[in-house]
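A, B, ... follow the sequence lines: proteins, then strands. Residue 1 opens every chain.
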Amino acid sequence: MLDIQQLRKDMASVVAGLARRGVAFDEPAFRILEDHRKQLQTRTEELQAKRNAASKQIGILKGKGDDTAGIMAEVSGVGEELKANEIALAQLQDKLSNFLRTIPNIPRAEVPQGKSEAENVEVRRVGTPRVFDFAPKDHVDIGAALAGIDFETAAKLSGTRFTVLKGGVARMHRALGQFMLDVHTTEHGYTEVYVPYMVTGETADGVSSLAKFKDDLFKLEGRDLYLIPTSEYSVANFVRDTIVDLKNLPLKYVCHSPCFRSEAGSYGKDTRGMIRQHQFDKVEILQMVHPEKSADAHDELTANAEAILQKLELPYRTMLLCAGDMGFSSSKTYDLEVWLPAQNTYREISSCSNFEAFQARRMMARFKDEKGRTQYLHTLNGSGLAVGRTLVAVLENYQNADGSVTVPDVLLPYMGGLAKLDIAS
RNA sequence: GGAAGCGUGGCCGAGCGGUUUAAGGCACUGGUCUUGAAAACCAGCGAAGGGGAGACUCUUCCGUGAGUUCGAAUCUCACCGCUUCCGCCA
């Protein structure tokens, strides 16, 4: 949620910032709502003050045993107008709040201009794609040969966009999650957390606009519960409605969880393989930091995610998203894209965003600063990494001509002696 | 699922229709003292929002939502959560 103070005091900067995203801010609509609000609120508070003063007077008079009939008659008329005003004001505040909640975050100055993916800027490229002396297969064919990925059974159980993993591939999937958790907890200073995979509407709305994104979520029938599309939904809400002590900052959490996405609106996209699924595992890293530190924290968090790719020796590139391609809540986002040889391209495997105070404002996530003032936290998160897509990348990059897949060195301690996934005999 | 008890500021906790403008304590901030720190003493100190050029001032908030009343932290109802006991259960 944007800062309404900024809208009142510096509308121009908001309009300009949103324009960089290709979003037109409806200034007249906002002004009408805002003027009306001001008038209603002033009048309502006037009436409340009048009633409070009269009631207090009645109390004093009664204490002394004096007659209160006159003053009671005077205040009796206030009630009705006050009630009408209070209701109208509440409705208007709702309207204003709903209006604000549909407006995305403002891009930071260093975010490049652009409308789409095509205008994202490559920041760095790490690792060299391996040169194959055979035609590399994609993970679907590799998985089939290993009898390790079974889409048919998954479809029988649950329909399209689900996966069953077996044997060494299932183990490697588990190993990847464990490996990522261990790196982030022991080397990057994150606290491991385990969280609910279902959250209430209020929780979902804290992280992102529920009204705007509810079609992307799975909702439990007859209950106010949603399956999380990322553990960010659960973990970010740790600080909802709280004031954190300065000495506890930064908060750094890592969480491994399944993620559930309905993928409405992406029919026909990535239908082959396990790139886009209704259920996938992800290791998520989050930070809640002092506002002055969020830019540095963003670089750190991105580097933390990149470290996983480096340790797995997977070639990747880091993209700085342009204003038009960023997510709703983000002020700046880096995407990490891993090399997939079969597709001969880089594919997104992580997205690392700085939300600044946008999310914190919506969640009322605050801290006491050096001077004892209450301020909003800055929140950041990123995938470190998407486990399913990392599995895809390992299978494709580590495949051998005979159809087997070599286990990356850093995963060996997690594989129970298995150094290679062999094709099914 | 059933029963009972309980939800008060960052934390603990008093208040149970009208000077509550929510006592007191802890924590925190500033000061005195000290070589420095601690302790002690003094002062300040809840959150969200509005109005005003400003000094300042007003409103809302005692789990949430309705209700009773001129007036609700306090009374009524519903819901949510926590604790304990019973039932069920991986």
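Nearest nucleotide to the A:M364 side chain, out of B:U59, B:A48, B:C70: B:A48. Comparing B:G18, B:C58, B:A47 by their closest approach to the side chain of A:K368 singles out B:A47. The nucleotide whose nearest atom lies closest to any side-chain atom of A:R366 is, among B:A48, B:U59, B:G18, B:A48. In this structure, of B:G49, B:A48, B:C70, it is B:G49 that holds the atom nearest to the side chain of A:Q41. Of all nucleotides listed (B:U59, B:U21, B:C70), B:C70 comes nearest to the side chain of A:S55. Side-chain proximity of A:N52 to B:G51, B:C58, B:U60: nearest is B:U60. Closest to the side chain of A:Y376, from the set B:G52, B:C70, B:G49, is B:G49.
One C1' atom belongs to B:G2, the other to B:U60, and the distance between them is 39 Å to the nearest Å. Comparing the same atom, P, in B:G25 and in B:A43 gives a spacing of 11 Å after rounding to whole Å. For the C1' atom pair drawn from B:U19 and B:U68, the interatomic distance equals 24 Å after rounding to whole Å. Taking atom P on both B:A37 and B:G24, the two are 29 Å apart, rounded to the nearest angstrom. Across B:G52 and B:A47, the matching P atoms stand 23 Å from one another, rounded to whole Å. For B:G15 and B:A73, the C1' atoms lie 8 Å apart once the distance is rounded to whole Å.
When rounded to the nearest whole Å, the span between CG of A:D35 and P of B:G51 equals 11 Å. Note: CG (A:L249) to P (B:C28) measures 16 Å, nearest angstrom. For the pair A:L82 CG and B:U59 P, the interatomic distance rounds to 12 Å; values are reported in whole Å. As a whole-Å value, the separation of A:R37 CZ from B:U59 C1' is 12 Å. Going from atom CG of A:L89 over to atom C1' of B:G51 covers 14 Å, rounded to whole Å. A straight line from CD1 of A:I243 to C1' of B:G46 spans 8 Å, rounded to a whole angstrom. B:A72 atom C1' lies 14 Å from atom CD1 of A:I58, rounded to whole Å. Atom CG of A:N248 is separated from atom C1' of B:A27 by 13 Å (rounded to the nearest Å).
Base-pair partner of B:G65: B:C77 (Watson-Crick or G-U wobble, both distances under 3.5 Å).
Ring planes of A:F358 and A:F328: perpendicular class, angle over 60° (limits at 30 and 60°). Classification of the A:Y194-A:Y197 ring pair by plane angle, with boundaries at 30° and 60°, yields perpendicular.
Using a 4.0 Å heavy-atom criterion, one finds that A:T374 contacts the sugar-phosphate atoms exclusively. In this structure, A:A54 reaches neither bases nor backbone, as no heavy-atom distance under 4.0 Å exists between it and the strands shown. Residue A:D245 is out of contact with every strand shown, counting any heavy-atom pair closer than 4.0 Å. Nucleic acid contact class of A:Q5 (heavy atoms, under 4.0 Å, all strands): sugar-phosphate only.
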I would like to know whether A:F25 and A:F99 meet ring-ring contact (aromatic ring centres under 6.0 Å, His included); could you show each step before the answer?
CA-CA 10 Å; A:F25 181 77; A:F99 177 87; 5.8 Å; yes
What do the steps show when you test A:F367 against A:H290 for ring-ring contact (aromatic ring centres under 6.0 Å, His included), and what is the final call?
CA-CA 8 Å; A:F367 74 103; A:H290 191 291; 5.1 Å; yes
Run the numbers on A:Y253 and A:F238 for ring-ring contact (aromatic ring centres under 6.0 Å, His included), then give the verdict.
CA-CA 10 Å; A:Y253 296 112; A:F238 284 12; 5.1 Å; yes
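Where A:K38 and A:K83 each meet RNA chain B at their nearest nucleotide, the meeting point lying more 5' is that of A:K38. The nearest heavy atom of RNA chain B to A:K247 and to A:T242 marks one nucleotide each, and the one closer to the 5' end goes with A:T242.
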